[in-house]
Number of protein chains: 2
Amino acid sequence: MPPSADFPMLRLTKKADYGLMALKYLAEHPEATALSAKDIAEAYHIPAQLLAKILQRLAKVGIVKSHAGMNGGYSLLKDPRRVSAFEVIFAIDGPLFITSCFTHEGNCDLTNSCTIKEPLARVNETISNVLKNIHISDLVEEGRSRTVRELITIRTTSGQKVLAGEATGTN
Amino acid sequence: MPPSADFPMLRLTKKADYGLMALKYLAEHPEATALSAKDIAEAYHIPAQLLAKILQRLAKVGIVKSHAGMNGGYSLLKDPRRVSAFEVIFAIDGPLFITSCFTHEGNCDLTNSCTIKEPLARVNETISNVLKNIHISDLVEEGRSRTVRELITIRTTSGQKVLAGEATGTN
DNA sequence: AAGTATACGACTCCTGGAGTCCGACTTACA
DNA sequence: TGTAAGTCGGACTCCAGGAGTCGTATACTT
């Protein structure tokens, strides 16, 4: 079915990815007083200057602390178990909405179309809640154990229980 | 926090929106043998030609049937209660992945970064499952009753129960 | 045969993500 | 106290891809 582009759509921005990666790296190295954007960038092979800008944003909202000058860099300001993926993504990319025409108050230009988007707004909140339940400490633990895999479970009121991770067929 | 753009990020494409809207409209008018793309487009004030292309895609995967010629148009081919939002979005936009570097097999160019993305892949599957549990019949019912609101529930294994729709604070 | 609709490729427009560059400022250390 | 190494942050370029249009071929109804 993919026409030419291989897959994308509804994806997280790379910046958000990089931000989460950097925070994971910081959480994995609590002994260091400060890690430079360059160091982290090299560890993951991502552009250093871009990562620097991302970390600056995370510093602005108080997730990390910036240390200027020689041997400077960034360090975690908050407990990794208290920082959710949601706030990281929010800090970097701003509020995320699955629908295209929502303003902050949920306003819409089309009256008719809004009725369709109401259920999608629920999906949006569902996604938000899932992201709020994942913290960067979980990212660190993942790779050794599988804690996150069992962490999230979806149940419908119809009794259908779907463990996140088992797709029932991709079409 | 939003720099200049008001909000977006991680949103559904307009095409997918339009597709869901059109299907809802068709589901609301089961008496009509066929509704033209132009009619539907005018009802929602969306570009007719664009909607036509979307409906063509939906016709290709067998969700709707196209009737050429005079008084032609499109009609639902499947039971609205059997068509999930997931397959609609999939048909229009292709597979959706929250992470940026996933191929169909889940391949990645960076070895280190992949460890971070594993938990996000679970989030991705969670979203997919939520969308699979929403059908266009739900879109029709929404607006009169609130069935969808209570339809989706998220539970974490920690016992935390979060009803989709009550955000615990947007930051 | 005429009229109306779909079918679909090719095309343009333009937003916004991704990344770079550079100047200013800050700090550690010799 | 000067300098190297770092952050800070605006301005900039590049370009993929979403959004929408156009034109033509085709198919079907009356």
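Nothing here was measured: the structure is a model prediction, and the numbers come from that model.
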> Between A/Ile92 and A/Gly19, which heavy-atom pair has the shortest distance, and what is it?
Replying inline: CD1-CA, 3.8 Å
> Separation of A/Ile92 atom CD1 from D/dG9 atom C1', in whole Å?
Replying inline: 16 Å
>> Using the salt bridge (charged side-chain N to carboxylate O under 4.0 Å, His left out) criterion, which residues pair with A/Asp79? Sequence neighbours excluded.
In response: A/Arg81
> Within less than 4.0 Å of OP1 or OP2 of C/dG19, is there a side-chain N or O belonging to A/Tyr18?
Replying inline: yes
>> I'd like to know if the side chain of A/Asp138 reaches the main chain of A/His135, judged simply by a donor and an acceptor atom lying under 3.5 Å from each other, with no hydrogens or angles considered.
In response: yes
> Starting at the 5' end of DNA chain C, which residue's closest nucleotide do you reach first, B/Ala59 or A/Ala48?
Replying inline: B/Ala59
>> Please find the pair of heavy atoms, one from A/Ala91 and one from A/Val61, that lie closest to each other, and give the distance.
In response: CB-CG2, 3.8 Å
> For A/Lys65 and D/dT7, what is the distance between atoms NZ and P respectively, to the nearest whole Å?
Replying inline: 13 Å
> Of the residues in residues 72-80 of chain B, which ones touch DNA chain D at a heavy-atom distance under 4.0 Å?
Replying inline: none
> Which whole-number value in Å describes the distance from A/Leu55 CG to D/dC8 P?
Replying inline: 9 Å
>> Between B/His45 and B/Ala41 (side chain of the first, backbone of the second, donor and acceptor by atom type, cut-off under 3.5 Å), is there such a pair?
In response: no
> Which listed nucleotide (D/dG6, D/dG18, D/dG9) is nearest to the side chain of A/Gln56?
Replying inline: D/dG9
> Between B/Ala22 and B/Leu51, what is the shortest heavy-atom contact and its length?
Replying inline: CB-CD1, 3.8 Å
> Taking atom C1' of D/dG20 as reference, at what distance in whole Å does atom NZ of B/Lys14 sit?
Replying inline: 10 Å
> Among all residues two or more places apart in sequence or in another chain, which pass the salt bridge (charged side-chain N to carboxylate O under 4.0 Å, His left out) test with B/Arg82?
Replying inline: none
> Rounded to the Å, how far apart are A/Asp39 CG and D/dA5 P?
Replying inline: 13 Å
> How long is the line joining CG of A/Leu50 and C1' of C/dG17, in whole Å?
Replying inline: 10 Å
> Which stems, defined as runs of 3 or more consecutive Watson-Crick or G-U wobble pairs with both pairing distances under 3.5 Å, involve DNA chain C?
Replying inline: C:1-30 with D:1-30
>> Each nucleotide in nucleotides 22-30 of chain D should get exactly one letter: B, S or -. Can you fill that in based on protein heavy atoms under 4.0 Å?
In response: BB---BBS-
> Between A/Asp17 (CG) and C/dG17 (P), how many Å, whole number?
Replying inline: 14 Å
> What is the distance, rounded to the nearest whole Å, between atom CG of B/Leu51 and atom C1' of D/dG18?
Replying inline: 16 Å
Less than 3.5 Å apart, which donor and acceptor atoms pair up between the side chains of residues 70-78 of chain A and the rest of the protein, not counting sequence neighbours?
{"unit_1": "A/Ser75", "atom_1": "OG", "unit_2": "A/His67", "atom_2": "NE2", "d": "2.8"}
{"unit_1": "A/Lys78", "atom_1": "NZ", "unit_2": "A/Glu87", "atom_2": "OE1", "d": "3.4"}

>> Tell me whether the side-chain N/O atoms of A/Ser66 come closer than 4.0 Å to OP1 or OP2 in D/dG6.
In response: no
